Undergrad: 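Handing you a structure now.
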There are 2 protein chains.
Amino acid sequence: MVMSKACVNAVRAMVYLAAAPDNERRGHVSIRAVAEELGLSFHFLTKTLQRLTADGLLKSERGPRGGVALARPAGEISLLEIVGSIDGNDLQDQCILGLRGCGQEAPCPMHDEWVRERKRIQEIFKRSTLQRLARAVREGSVRLKDS
Amino acid sequence: MVMSKACVNAVRAMVYLAAAPDNERRGHVSIRAVAEELGLSFHFLTKTLQRLTADGLLKSERGPRGGVALARPAGEISLLEIVGSIDGNDLQDQCILGLRGCGQEAPCPMHDEWVRERKRIQEIFKRSTLQRLARAVREGSVRLKDS
DNA sequence: CACATTTCAGATGTTAATATCCGAATTTGA
DNA sequence: TCAAATTCGGATATTAACATCTGAAATGTG
């Protein structure tokens, strides 16, 4: 897996929020609703989204009509940031063979090629903003659910 | 992590074997020696290499002067095959968001871009033969150990 | 104010990956 | 033939990821 399950859930939830029409609730959607809509475990998703809230990607409100909402415009939140918040930056800066201190001076056999690849992945994640992903969802050309 | 720890161990061991000079032992090296040389757990490495043996990437001999050796020429064994043997082909054919049946007809928001990326990774792994990797090791331009 | 709804925080349970251990089977060499 | 070295196969222990549960804190509504 390139992302942990928690991270995948986070991404799906964030795209869902970005694609959700601004309804009542001042833009907030309850985590329970998100979980049901995407077929995810409410409790597990809650834990994950709490981290996103702590990291400033989501804002939250308690109480009735509360819920979570994007803390910033969808165009300014990228997949890279979500992955970083949940899984950390290992994918971006760790040696594929797990060698500590793998770098230009003391590289592993895959170093050069993997550094290039990592950069590509980082670029992809960076330009994958919630705005871009959510647009496809709203257009119906793409799905977020399993079935 | 893009590869499991077991898989990383397998790759490092295989490259080490490919780079090892043909000494006595008819080309076989004991797993204990490999583990010590690379700083890996002997028992854990044994389990992993058994899988490679079962899948025909390694051949093994028991008894004194026994050990493991590449089952085929180093130029004909690629990283792709090793990863496939230990971790399976999930990296190559699974949706990055874990959606079942993600494909052209019912794609996830990352589908197109990720398919392209997966293909690139597969190409890199395929052209990374043990011969190529081991040459760099023998030339000393590259390392397999942590320290 | 009382109540229902929701996120928050921490505890607990479950499963899969990682790591170790042990005895059996095989082979070599003295 | 016997002892040592080695892989093999299965069992067990440890750790981290995944998942669930419970009660507290906050907040809107009647």
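Keep in mind that what you see is a predicted model, and the values were worked out from it rather than measured. Just so it is clear: chains get the letters A, B, ... in the order the sequence lines come, proteins before strands, and each one is counted from 1.
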Undergrad: Round to the nearest Å and state the distance from B/Gln50 atom CD to D/dA11 atom C1'.
TA: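 Rounded to whole Å, this separation is 14 Å.
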Undergrad: Surrounding CZ of A/Arg143 (heavy atoms of other residues, nucleotides or ligands, distance under 6.0 Å), is the total greater than 12?
TA: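 Correct, the count exceeds 12.
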Undergrad: Figure out the NE2/P separation between B/His28 and C/dT26, and round it to whole Å.
TA: 17 Å
Undergrad: Starting at CD1 of A/Ile86 and ending at C1' of D/dC18, how long is that distance when rounded to a whole Å?
TA: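 Whole-Å distance recorded here is 14 Å.
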Undergrad: Any idea which heavy atoms bring A/Leu97 and A/Pro109 closest together, and the distance?
TA: CD1-CD, 3.9 Å
Undergrad: To the nearest Å, how far apart are A/Asp90 CG and D/dA16 P?
TA: 14 Å
Undergrad: Return the minimal non-hydrogen interatomic distance between B/Lys126 and B/Ser78, and the atom names on each side.
TA: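 In terms of heavy atoms, the two residues are closest at O-CB, 3.3 Å.
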Undergrad: Atom CD of residue position A/Glu139 - does it have more than 12 heavy atoms of other residues, nucleotides or ligands inside 6.0 Å?
TA: yes
Undergrad: D/dA19 phosphate, OP1 or OP2: any side-chain N/O from A/Lys5 under 4.0 angstrom?
TA: yes
Undergrad: When the distance from CG of A/Leu45 to P of D/dC18 is rounded to whole Å, what number comes out?
TA: 14 Å
Undergrad: Applying a 4.0 Å non-hydrogen cut-off, can you work out what B/Ile31 is touching in the nucleic acid: base, sugar-phosphate, or nothing?
TA: sugar-phosphate
Undergrad: Hey, does the side chain of A/Ser60 come within less than 4.0 Å of C/dT6's phosphate (OP1/OP2), counting only N and O?
TA: no
Undergrad: B/Leu52 has an atom CG; how far is it from atom C1' of D/dC8, in whole Å?
TA: 15 Å
Undergrad: Using a strict cut-off of less than 4.0 Å between a Lys/Arg side-chain nitrogen and an Asp/Glu carboxylate oxygen, indicate whether B/Glu37 and B/Arg32 qualify as a salt bridge.
TA: no
Undergrad: Would you say B/Ser41 reaches C/dT20's phosphate, i.e. side-chain N/O to OP1/OP2 under 4.0 Å?
TA: yes
Undergrad: Just how far, in rounded Å, is P of D/dC8 from CZ of B/Arg51?
TA: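 Distance check: B/Arg51 CZ to D/dC8 P gives 13 Å.
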Undergrad: Which nucleotide sits closest to the side chain of A/Ser30: C/dA19, C/dT28, C/dT6?
TA: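 Nearest to the side chain of A/Ser30 among the choices is C/dT6.
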Undergrad: Which nucleotide wins on minimum distance to the side chain of A/Pro64, given the candidates C/dT28, D/dT27, C/dG10?
TA: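 Ranking C/dT28, D/dT27, C/dG10 by closest atom to the A/Pro64 side chain puts D/dT27 first.
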Undergrad: Name the residue closer to the 5' end of DNA chain C, choosing between B/Asp87 and B/Arg62 according to the nucleotide with the nearest heavy atom.
TA: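 Between the two, 5'-proximity favours B/Asp87.
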Undergrad: Nearest to the B/Phe44 side chain among D/dG28, C/dT20, D/dA5, which nucleotide is it?
TA: C/dT20
Undergrad: Would you mind telling me which residue lines up with the more 5' stretch of DNA chain D, B/Val68 or A/Ser4, judged by nearest nucleotide?
TA: B/Val68
Undergrad: Return the nearest nucleotide to the side chain of A/His43; candidates are C/dT28, D/dC8, D/dT20.
TA: D/dT20
Undergrad: What is the distance, to the nearest angstrom, from the CZ atom on A/Arg65 to the C1' atom on C/dT7?
TA: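 Nearest whole value for this atom pair: 16 Å.
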Undergrad: Quick one: which of C/dT20, C/dC8, C/dA11 gets closest to the side chain of B/Lys47?
TA: C/dT20
